[in-house]
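Sequential numbering from 1 along the given sequence is applied to the chain's residues. Hydrogens, waters and symmetry mates are skipped; everything else that's a heavy atom, side chains included, is used. This is a predicted model, so every value here is computed, not measured.
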Amino acid sequence: MNYLVIIFLYDIESDRQACEEIHYNLAYRWFCRLTLEDDVPDHSSLSKIRDRLGEETFKKIFDQIIKVCIEKKLVTGSKVMMDGSIVKADAALKSIVDRPKNGENLKDLVPPKYIKDRKLGNKNQISKTDPDSTLAGKVGEPKRLAFKVHDTIDRDSRIVIDAHVTTGADVEGKVMMGRIDHIEKTFSFKIEEVTADRGYGYGENLQALQDRKITSFVPRFHSDAGER
């Protein structure tokens, strides 16, 4: 687990690079409880450990850390901020193939040699390398294969209390109320105030927040937002 913490804190791009840096960096060795004589595990071991632990284990660890913060009164959860961030998938556009049909196997499909002038879209295409990713990007920018992380932060402490990952094409507003429900149920507290950008400004969200007596600082953006 210490290895994974280093990868996250120092934004190391790969397990291979992490193992190389841990090999030479005395501070990293100390943090990972390695002596100068100890061998650094092979990078493939990190991948296997991560897969063996599974997503659910990491989620339990995350939630337990937040519960400790609540016990220590570092987090109240009454006032939160929400935002979504695009995270580039580890897959190239040239990995995109037409979605399998008529019993085709994704693994057997061969991506076209050239992607220039290809019309790409999530409805008809899929990445062979990372099928869970989708094409996404800001308006006016080239699309790329990506995921989206929807973060909810305790306003006063600036501690992230929820990190929900979806495909890159999913919009923030569509997951808003579901994340509020999840946070309140998981940590047993009542959210009283929400701050978010206009990407959350769906009328259904604003109405739901009003019905639940949650003060919202969310700009109207979409045409269905009504007068609120």
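More than 12 heavy atoms of other residues, nucleotides or ligands shown are found within 6.0 angstrom of CZ on R99. Heavy atoms of other residues, nucleotides or ligands lying less than 6.0 angstrom from NZ of K59 number more than 12. Residue-environment remark: CZ (F58) exceeds the threshold of 12 foreign heavy atoms within 6.0 Å. When the shell of 6.0 Å around CG of D90 is examined, it contains 12 or fewer heavy atoms from other residues, nucleotides or ligands.
When each of V171, L209, L206 is paired with M176, the side chain to side chain contact (heavy atoms under 4.5 Å, CB included) condition holds for L209 and for no other.
The existence of a salt bridge linking D170 and K148 is excluded, since no basic side-chain nitrogen approaches an acidic carboxylate oxygen closer than 4.0 Å.
Contact annotation: the side chain of I126 never approaches that of D98 to less than 4.5 Å [non-hydrogen atoms, C-beta and beyond]. Using a 4.5 Å heavy-atom threshold, the side chains of L145 and K88 count as separate.
When only modelled atom types and interatomic distance are considered, S127 and D130 share no side-chain donor-acceptor pair under 3.5 Å. Donor-acceptor pairing under 3.5 Å is lacking for the side chains of S14 and H43. Counting only N and O atoms by type, the side chains of T35 and D38 include a donor and acceptor under 3.5 Å apart.
To the nearest 0.5 angstrom, I65 atom CD1 is 14.0 Å from I161 atom CD1. With rounding to the nearest 0.5 Å, the separation of OG in S157 from CG in L74 is 7.0 Å. Once rounded to the nearest 0.5 Å, the distance linking CD1 of I214 with CE of M177 reads 5.5 Å. Interatomic distance, OH of Y24 versus SG of C19, reported as 12.0 Å (0.5 Å rounding).
Under the 3.5 Å distance criterion, the side-chain polar atoms of Q64 are left unmatched by any main-chain donor or acceptor of K60. Between the side chain of N205 and the backbone N or O of Y200, at least one donor-acceptor pair lies under 3.5 Å. With hydrogens and angles ignored, the 3.5 Å screen pairs a side-chain donor or acceptor of D154 with a backbone N or O of G77.
For D11, there are no side-chain hydrogen bond (donor to acceptor under 3.5 Å, both in side chains) partners, not counting sequence neighbours. Residues passing the side-chain hydrogen bond (donor to acceptor under 3.5 Å, both in side chains) test with E172, sequence neighbours excluded: none. Qualifying salt bridge (Lys or Arg N to Asp or Glu O under 4.0 Å) partners for D197, counting only residues two or more places apart in sequence or in other chains: none.
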Test Y3 against Y28 for ring-ring contact (aromatic ring centres under 6.0 Å, His included), laying out the working first. CA-CA 8 Å; Y3 293 83; Y28 289 176; over 10 Å; no

